[in-house]
Amino acid sequence: MRLIDYFPASSISIRNSAESWQQAIDFSMESLLKHRYVNEKYVQEIKESTLNHGPYYILAPGVAMPHARPECGALKTGLSLTLLKQHVGFGEDNEPVKLLIGLSAADSTSHIDAIQALSELLCEEENLSELLAAQSEEQLADILARA
């Protein structure tokens with residue numbers, strides 16, 4: 001499977017801003033929830049874990065991958081991508097995040113290929129810069145399709 005195949009329909013979006021990190025998580029989980037990749041409990045678990053442990057899912061400056069454990073309500077393995085035009089602060093340090101990659105892993109192994117492809121994509125500084133500068137959902141999808 002290619003990286004782009006992990007993204008269900010309409011799971012790549014651009015938003016102007018989020019009022020809070022909680023709303024940013026809601027945005028990143030919206031399509032996964034709608035397409036039944038996760039349930040409400042899963043989204044709530046991400047927020048509770050963030051409150052208890054901080055934003056443990058920040059991958060790189062400006063990039064977060066909100067997720068919870070599979071048993072917390074992940075129904076199918078999939079990804080979403082939300083780009084915020086204005087960053088939102090996460091955690092006590094107000095870590096600025098613009099790119100959220102929502103992850104639903106139905107078990108402990110099925111998402112490994114997706115994470116590897118995503119890591120390879122994000123390792124390239126140029127790809128990350130392109131994602132953060134994208135002006136449309138189509139541009140974002142094109143960048144993901146190259147991975």
Side-chain angles (χ1 to χ4, degrees), residues 1-51 55-90 95-147:
M1 251 171 85
R2 298 176 353 201
L3 179 60
I4 193 72
D5 297 330
Y6 287 93
F7 291 83
S10 69
S11 64
I12 297 171
S13 64
I14 296 178
R15 305 276 184 138
N16 278 327
S17 61
E19 291 178 18
S20 63
W21 63 263
Q22 291 93 334
Q23 187 180 46
I25 288 173
D26 287 339
F27 288 162
S28 79
M29 289 290 136
E30 192 173 55
S31 66
L32 296 176
L33 199 54
K34 180 181 162 195
H35 293 286
R36 293 186 173 79
Y37 279 64
V38 299
N39 61 26
E40 288 283 355
K41 180 181 168 222
Y42 188 84
V43 180
Q44 199 51 47
E45 183 62 32
I46 295 170
K47 292 176 185 176
E48 286 176 25
S49 291
T50 304
L51 288 171
Y56 54 90
Y57 41 73
I58 291 183
L59 303 179
V63 183
M65 180 183 275
H67 63 280
R69 299 188 53 75
E71 63 272 15
C72 295
L75 309 173
K76 290 193 273 187
T77 296
L79 294 166
S80 68
L81 189 141
T82 306
L83 176 64
L84 300 172
K85 290 185 179 179
Q86 298 169 23
H87 73 265
V88 64
F90 271 73
E95 188 79 34
V97 170
K98 283 186 74 175
L99 188 66
L100 293 105
I101 302 157
L103 168 65
S104 168
D107 56 56
S108 57
T109 56
S110 62
H111 64 291
I112 292 173
D113 289 342
I115 300 294
Q116 282 179 324
L118 198 56
S119 297
E120 288 170 22
L121 179 77
L122 296 177
C123 280
E124 296 290 326
E125 189 65 42
E126 187 180 319
N127 291 334
L128 184 52
S129 297
E130 282 184 49
L131 285 169
L132 291 169
Q135 297 296 311
S136 69
E137 282 92 359
E138 293 77 23
Q139 273 184 297
L140 290 169
D142 287 346
I143 298 162
L144 293 171
R146 294 196 310 243

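For this chain, numbers begin at 1 and follow the sequence in order.
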Side-chain touch Tyr37/Tyr42, heavy atoms, less than 4.5 angstrom: no
With rounding to the nearest 0.5 Å, note down the distance linking CG in Leu118 to CG in Leu81. 8.5 Å
Rounded distance [0.5 Å steps], CG in Leu83 versus OG in Ser13: 8.5 Å
Option from Leu99, Leu100, Val97 for which side-chain contact (heavy atoms from CB on, under 4.5 Å) with Leu84 holds: Leu100
N/O donor-acceptor pair under 3.5 Å between Glu137 side chain and Ile14 backbone: yes
So Leu3 and Glu120, side-chain contact (heavy atoms from CB on, under 4.5 Å) or not? Walk me through it. CA-CA 10 Å; Leu3 179 60; Glu120 288 170 22; over 6 Å; no
Taking side chain as C-beta onward, heavy atoms only, is Gln44 less than 4.5 Å from Glu48? yes
For a quick test of reading the model, state the closest non-hydrogen atom pair linking Ala106 to Thr77 and the distance between them. N-OG1, 3.1 Å
Rounded to the nearest 0.5 Å, the CD1 atom of Ile143 sits from the CD atom of Glu138 at a distance of 11.5 Å
Using the rule given for side-chain contact (heavy atoms from CB on, under 4.5 Å), can you reason through Leu79 versus Leu144, listing the C-alpha separation, both sets of side-chain angles and the distance that settles it, and then say yes or no? CA-CA 11 Å; Leu79 294 166; Leu144 293 171; over 6 Å; no
For the backbone of Gly62 and the side chain of His87, can you confirm whether one donor and one acceptor N or O come within less than 3.5 Å of each other? no
Exercise answer: donor-acceptor pairs, residues 126-133 side-chain atoms, under 3.5 Å, sequence neighbours excluded:
from	atom 1	to	atom 2	distance (Å)
Asn127	OD1	Arg146	NH2	3.2
Asn127	ND2	Leu121	O	3.2
Ser129	OG	Glu125	O	3.0
Glu130	OE1	Arg146	NH1	3.3
Glu130	OE1	Arg146	NH2	3.1
Glu130	OE2	Arg146	NH2	3.3

With heavy-atom distances below 4.5 Å as the criterion, would you say the side chains of Ile101 and Tyr57 are in contact? no
How close do His67 and Leu103 get, heavy atom to heavy atom, and via which atoms? CB-O, 3.6 Å
Taking every heavy atom of Glu45 against every heavy atom of Cys72, the minimum-distance pair comes out as CG-SG, 3.5 Å
Kindly state each residue pair satisfying salt bridge (Lys or Arg N to Asp or Glu O under 4.0 Å) with at least one member in residues 61-72, sequence neighbours excluded. Arg69-Glu71
If you round to the nearest 0.5 Å, how far is CD of Gln139 from CD1 of Ile12? 12.0 Å
Is it true that a side-chain atom of Ser104 and a backbone atom of Lys76 form a donor plus acceptor pair closer than 3.5 Å? yes
Using every non-hydrogen atom in the two residues, find where Ala134 and Leu140 come nearest and quote the distance to one decimal. CB-CD2, 3.5 Å
Donor-acceptor pairs are to be reported for all side-chain atoms of residues 19-34 against protein atoms at under 3.5 Å, with residues two or more places apart or in another chain.
from	atom 1	to	atom 2	distance (Å)
Ser20	OG	Gln22	N	3.4
Ser20	OG	Gln22	OE1	3.4
Ser20	OG	Gln23	N	3.1
Gln23	OE1	Glu19	N	2.6
Asp26	OD1	Lys47	NZ	2.6
Asp26	OD2	Lys47	NZ	3.2
Ser28	OG	Ile25	O	3.0
Glu30	OE1	Arg15	NH2	2.4

